[in-house]
S.K.: 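Below you'll find the structure I mean.
Quick caveat, the model's predicted, so the values are computed rather than measured.
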Amino acid sequence: LIDGLIECDHIIISLTRTADPRRSLIREIAGKPNQRLYAIHHFGLPFGVGLYRSFKAVARQIEAILAKENLQPDIVHSHRLTFDGLAGWIIATARHLPHFVSVRGEVESKVLRFKPTYRSLIRQILQSADRIYYVSAWFRADIERLTGPQPDKSRALPNIVENTRRTIEQRVPNRSIVTVANLDIYRKKGVPCLIAAFAKVAHRLPGTTLEIIGGGSSWNVAQVKQLIETAGFGDRIVLRGRMKNDAFLAELPEALALALPSRNETFGMVYTEALFAGVPILYGRGTGIDGHLDSLDVGIAVLPGDVDGIAAGLIELVERNTELRRSIANAAPELFERFDPARQIALYMADVATCLPNRAKHGALPAVRA
């Protein structure tokens, strides 16, 4: 998104929390011609202890950078609501700037659930925001229960993938169901449940294999191998290891389906990549890409953690595969409308122009993302 916004100059602040104050740092990193990139490793306690105080300190650090470099931002865009958004809101409020906020349900849901005292602050940030972007469309209902609907300044903002296209070719697939996961978080990605579900219905899916693509530490890879051995289908559940994205995209159209029943997934770019490859998907209900596919019959939504439900979803993916692939091809114009990077960039630039109507007439529109 940032790279596509060539009409703007960008001051990008990349934040990393460290619980060891000795590892705190601020440094500038070489960026592209219209980008100034700064890395801040900031002190913060685990589990969000002292969350507001921590990001108030981050806001002071960012203000120090702006003052030192004589940078005058026109918009603040917070990458997340409940972490970066605290610092972004402080800066935008102090400078009387428009504030754009992206909502990513993975972290926002944890703060709302475990830190109820922050709800009034979060409501204030959202109600004062000029734009609210739902990367996690599945979390929009939860936010609107807190703030009330704000349709005039809210919309979906899906993550951008490289293989979007106006037409989607139908291919004759092989018999492999693929999943892609960082095995260091294999439980969150739903890998144990997926293996158990596949083993449960393997007798109903003759000739079908489950291919797990992704790497991780030797310990976690060994744990996944043990799950495969315990399931008793080592000949049909294959652990393929890491794969570069271009190689994965090249072979993805031949897959029978993609199954990733992960929990608390922010978006899940691989779902979109699979759809534009013409491949039906199994995804988590109320997480991940859910909410971006409303009214489209392009995959099966399952409850994360529900082995029986995932097993039934796998059967449906296989038995309805031809129908789902045809539906994906027919839905290509609508999928492109929802996920086209150029359209998302144009919509964003329209938001910038609306929030800064006078500056929009004079070319460059600098923006800072906290």
Side-chain angles (χ1 to χ4, degrees), residues 1-3 5-104 107-108 111 115 117-118 120-122 124-133 135 348 351-352 355-356 358-360 362-370:
L1 180 64
I2 290 172
D3 286 347
L5 295 166
I6 57 175
E7 298 92 339
C8 301
D9 294 327
H10 304 273
I11 307 160
I12 305 166
I13 311 294
S14 176
L15 302 176
T16 304
R17 183 189 65 83
T18 175
D20 183 352
R22 296 171 298 179
R23 301 186 66 182
S24 299
L25 64 82
I26 301 175
R27 72 178 180 208
E28 184 171 5
I29 299 170
K32 297 182 179 179
N34 67 328
Q35 299 175 12
R36 296 285 295 269
L37 174 59
Y38 296 88
I40 297 180
H41 289 199
H42 64 97
F43 174 71
L45 295 172
F47 307 111
V49 175
L51 185 64
Y52 180 78
R53 186 180 298 113
S54 173
F55 280 92
K56 189 174 183 180
V58 169
R60 288 197 298 267
Q61 290 175 308
I62 295 172
E63 286 286 10
I65 292 172
L66 299 178
K68 180 181 178 182
E69 301 295 331
N70 193 28
L71 298 170
Q72 302 294 331
D74 294 293
I75 292 176
V76 178
H77 186 156
S78 295
H79 179 69
R80 295 179 296 182
L81 166 61
T82 53
F83 286 77
D84 316 16
L86 302 180
W89 174 71
I90 291 169
I91 294 169
T93 301
R95 289 174 170 258
H96 305 287
L97 299 176
H99 187 202
F100 293 0
V101 181
S102 292
V103 176
R104 300 169 186 272
V107 290
E108 329 299 27
V111 172
K115 291 186 166 295
T117 57
Y118 276 76
S120 60
L121 175 60
I122 292 168
Q124 184 178 355
I125 292 172
L126 287 167
Q127 290 178 338
S128 66
D130 293 83
R131 290 293 184 274
I132 302 171
Y133 299 109
V135 179
Y348 191 95
D351 289 339
V352 170
C355 292
L356 296 175
N358 294 326
R359 294 298 299 275
H362 298 94
L365 298 169
V368 57
R369 178 178 71 131

S.K.: Is there a donor-acceptor pair under 3.5 Å between the side chain of E108 and the backbone N or O of R104?
M.R.: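 It does hold such a pair.
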S.K.: Heavy atoms only: give me the nearest S78-G88 pair and the separation to one decimal.
M.R.: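 Residues S78 and G88, closest heavy atoms: OG-CA, 3.4 Å.
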S.K.: With rounding to the nearest 0.5 Å, note down the distance linking CG in L86 to CD1 in I90.
M.R.: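 Atom-to-atom, L86:CG and I90:CD1 are 6.5 Å apart.
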S.K.: Taking all non-hydrogen atoms of both residues, which atom of P73 and which atom of L71 are closest, and how far apart?
M.R.: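 So the two residues come closest at CD-O, 3.4 Å.
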S.K.: Between atom CG of L121 and atom CD1 of I125, what is the distance when rounded to the nearest 0.5 Å?
M.R.: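 If I round to the nearest 0.5 Å, the distance is 4.0 Å.
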S.K.: State, with a plain yes or no, whether a side-chain heavy atom of L81 is found less than 4.5 Å away from one of V111.
M.R.: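 A side-chain contact under 4.5 Å is absent here.
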S.K.: Taking side chain to side chain donor-acceptor pair (under 3.5 Å) as the definition, give me every residue that meets it alongside N70, ordered by chain and number, with sequence neighbours left out.
M.R.: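 N70 satisfies side chain to side chain donor-acceptor pair (under 3.5 Å) with no residue once adjacent residues are dropped.
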S.K.: Please name all residues satisfying side-chain contact (heavy atoms from CB on, under 4.5 Å) with S24, sequence neighbours left out, ordered by chain then number.
M.R.: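 Partners of S24 by the side-chain contact (heavy atoms from CB on, under 4.5 Å) criterion, ordered by chain and then number, come out as T18, F43.
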S.K.: Supply the atom-to-atom distance I91 CD1 to F55 CZ, rounded to the nearest 0.5 angstrom.
M.R.: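 That separation rounds to 11.5 Å.
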S.K.: Any chance you could measure R131, atom CZ, to I75, atom CD1, to the nearest 0.5 Å?
M.R.: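 With rounding to 0.5 Å, CZ (R131) is 9.0 Å from CD1 (I75).
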S.K.: Taking the side chain as C-beta and beyond, is there a heavy-atom pair between Y118 and L51 under 4.5 Å?
M.R.: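 The answer is yes; the side chains approach within 4.5 Å.
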S.K.: Can you give each donor-acceptor pair under 3.5 Å made by side-chain atoms of residues 26-39, sequence neighbours left out, with the distance rounded to 0.1 Å?
M.R.:
| unit_1 | atom_1 | unit_2 | atom_2 | d |
| --- | --- | --- | --- | --- |
| E28 | OE2 | R36 | NE | 2.7 |
| K32 | NZ | D3 | OD1 | 3.4 |
| K32 | NZ | D3 | OD2 | 2.9 |
| N34 | ND2 | C8 | O | 2.8 |
| Q35 | NE2 | D3 | OD1 | 2.9 |
| R36 | NH2 | Y38 | OH | 2.8 |
| R36 | NH2 | E69 | OE1 | 3.0 |

S.K.: Looking only at heavy atoms, which two atoms of H99 and A92 are closest? And how far apart?
M.R.: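 Reported closest heavy-atom pair: CB-CB, 3.8 Å.
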S.K.: Roughly how far, to the nearest 0.5 Å, is OG of S14 from CG of D84?
M.R.: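 One gets 9.0 Å once the value is rounded to the nearest 0.5 Å.
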S.K.: Under 4.5 Å between any side-chain heavy atoms of I11 and I65, yes or no?
M.R.: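 When only atoms from C-beta onward are counted, I65 and I11 do not touch, as no gap falls below 4.5 Å.
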S.K.: For residues 54-63, which residue pairs qualify under side-chain hydrogen bond (donor to acceptor under 3.5 Å, both in side chains), counting only residues two or more places apart or in two chains?
M.R.: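 Those involving residues 54-63 are E63-R95.
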S.K.: For the pair Y348 and H77, name the ring-plane relationship: parallel under 30°, tilted 30 to 60°, perpendicular over 60°.
M.R.: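 Geometry flag for H77 against Y348: parallel rings.
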S.K.: Applying side chain to side chain donor-acceptor pair (under 3.5 Å), can you list everything that pairs with T93, at least two apart in sequence or on another chain?
M.R.: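 Expected list: W89.
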S.K.: For D130, what residues pass the side chain to side chain donor-acceptor pair (under 3.5 Å) criterion, not counting sequence neighbours?
M.R.: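 Counting only residues at least two positions away or on another chain, D130 forms no side chain to side chain donor-acceptor pair (under 3.5 Å).
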S.K.: Identify the heavy atoms of I2 and H10 that sit nearest to each other, and give their distance.
M.R.: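 Here I2 and H10 meet closest at O-NE2, 3.5 Å.
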